[in-house]
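Please read these numbers as outputs of a predicted model, since none were measured by experiment.
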Amino acid sequence: MKKTLVIMCIVLMAMSALFAQGAQEAAASNEPSGELILYTTVKDAHYDITIGKFNELYPNIKVYSTYGGAGDCKARIQAEAANPQADAMFGGLQYADLEAYGQYFEEYVSVNDAKMQEGYSNTSGKLTFHDIQIPCLVVNDAQEAELGIKVTGWKSLLDPKLYGRVVTANPTASSSAWNNLQCLLTDFGGWDSPEAWDYIAKLMQNGLVVVSSSSIPAKSTFSGEYAVGLSYEPQVVKIIDGGDTSAHMVFWEEGTTSVGFASAIIKGAKNLENAKLFMDFLQSDAGQQTYLDAAARPATTTKLEGGSSTMVDLDTINVKVADTEALAAHKAEICDKWNTYWAQYGKN
């Protein structure tokens with residue numbers, strides 16, 4: 001009898017173990033898995049931090065990416081519309097992109113969208129906003145001293161001593177350069193202001209240099225190739241925090257505008273559910289922390305700890321609100337006009 005009970009206990013224990021193993025395997029099989037393919041404007045440490053944190057939550061999702069500028073990523077998505085080769089565009093999107101590219105993105109609102117600050121929620125149904133960038137000037141200390149000038153804003157860039165020494169990315173292709181142009185147009189009365197376009201003509205005539213990539217203006221100004229670069233806060237903060245103090249940030253005395261950046265799911269994404277999880281993550285507290293850790297300004301209302309001491313207190317600068325809807329609605333006209341002015345007044 002005792003022997004029978006012992007055998008029964010052993011059998012029951014074995015069955016329990018098998019049941020527990022089966023339950024674990026069933027639970028594991030329900031965990032998100034597969035692939036997530038990104039076209040991204042985010043690179044280096046920030047990309048690694050973000051994907052690392054995402055994979056802590058979803059270790060069975062393999063993330064693959066192709067890096068490019070915002071213009072390159074959008075052009076690729078448009079060209080592949082009939083057979084999408086990626087699931088989402090990570091970074092580099094703004095409200096102004098909806099008119100030209102909105103048709104190439106899926107409608108999806110993150111479960112964390114309600115956490116975003118006013119003005120950075122997904123009102124379009126397609127753009128998942130996650131960080132707020134502030135355009136800025138980066139000024140080389142040695143060249144500023146050598147030239148005997150003080151760079152304070154737009155008007156100071158017209159100093160003849162700065163001829164050929166001011167560099168920007170192309171605002172018709174680069175999202176960060178477009179933000180600088182939005183700031184300029186706001187400061188001088190709007191996208192159709194004669195005063196704004198008169199200033200642009202004068203800036204071009206003062207030897208403005210236009211380069212292909214948004215990373216070049218800051219890097220080349222720190223290296224001393226140029227005296228002033230039109231850039232954006234996170235990139236400059238990262239360079240300074242990395243130990244290079246040969247240049248400093250300047251926020252336009254005429255006014256500096258803040259802009260939201262977003263990601264979106266590509267229409268026809270083959271890994272749609274994983275792309276949705278990624279959008280949810282970007283607006284989660286963990287995802288937003290990656291922006292703060294990368295010297296960017298999160299869009300969330302959640303109070304996060306950390307960030308760089310190099311980042312300025314917004315109360316210390318002249319912040320203006322840009323009419324992003326009007327600028328977005330007229331982006332094609334603005335870009336056409338920029339190209340026309342460049343052909344007429346630009347440095348060849």
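Few gaps surround NZ on Lys270; more than 12 heavy atoms of other groups in view lie less than 6.0 Å from it. Taking a 6.0 Å sphere around NZ of Lys202, one finds it holds 12 or fewer heavy atoms contributed by other residues, nucleotides or ligands.
Side-chain rings of Phe278 and Phe90 approach one another, their centers coming within less than 6.0 Å. Taking the six-membered ring wherever Trp is involved, the centroid distance between the rings of Tyr101 and Phe105 does not fall below 6.0 Å. In summary, the aromatic rings of Tyr291 and His46 are positioned with their centroids under 6.0 Å apart. Ring to ring, Phe261 and Phe129 are not that close: their centroids are 6.0 angstrom or more apart.
The minimum heavy-atom distance between Trp178 and Cys335, with the atom names listed, is CZ3-SG, 4.3 Å. When all heavy atoms are compared, the tightest approach of Ala88 to Met279 is CB-CE, 3.9 Å. The two atoms that bring Asp131 and Ala296 nearest to each other are OD2-CB, 4.4 Å, heavy atoms only. Nearest heavy atoms, Ala177 versus Thr168: CB-OG1, 4.2 Å.
Side chain of Gln288 to main chain of Leu282: a donor-acceptor pair is present (N/O by atom type, distance under 3.5 Å, no hydrogens or angles). Put simply, the side chain of Asn112 never gets that close to the backbone of Lys115: no donor and acceptor are under 3.5 Å apart. Listed for the Glu35 side chain is no donor-acceptor partner under 3.5 Å among the backbone atoms of Asn274. With Asp87 contributing its side chain and Ala275 its backbone, the two residues share no donor-acceptor pair below 3.5 Å. One N or O on the side chain of Asn55 and one on the backbone of Ile61 form a donor-acceptor pair closer than 3.5 Å.
Between Leu162 and Asn206 the shortest side-chain heavy-atom distance falls below 4.5 Å. Within the 4.5 Å cutoff, the side chain of Ser110 has no heavy atoms near those of the Asn122 side chain. In this structure, the side chains of Leu157 and Tyr199 come closer than 4.5 Å at one or more pairs of heavy atoms.
The other members of the hydrophobic cluster of Met249, by chain and number, are Ile134, Val138, Phe222, Val236, Val237, Ile239, Ile240, Phe251, Met311, Val312, Leu314, Ile317, Val319 (side-chain heavy atoms under 4.5 Å, ILVMFWY only). Through side-chain heavy atoms spaced under 4.5 Å, either directly or across other Ile, Leu, Val, Met, Phe, Trp or Tyr residues, Val109 is tied to no other residue.
Residues that satisfy the side-chain hydrogen bond (donor to acceptor under 3.5 Å, both in side chains) test with Thr310, not counting sequence neighbours, are Asp241, Ser308.
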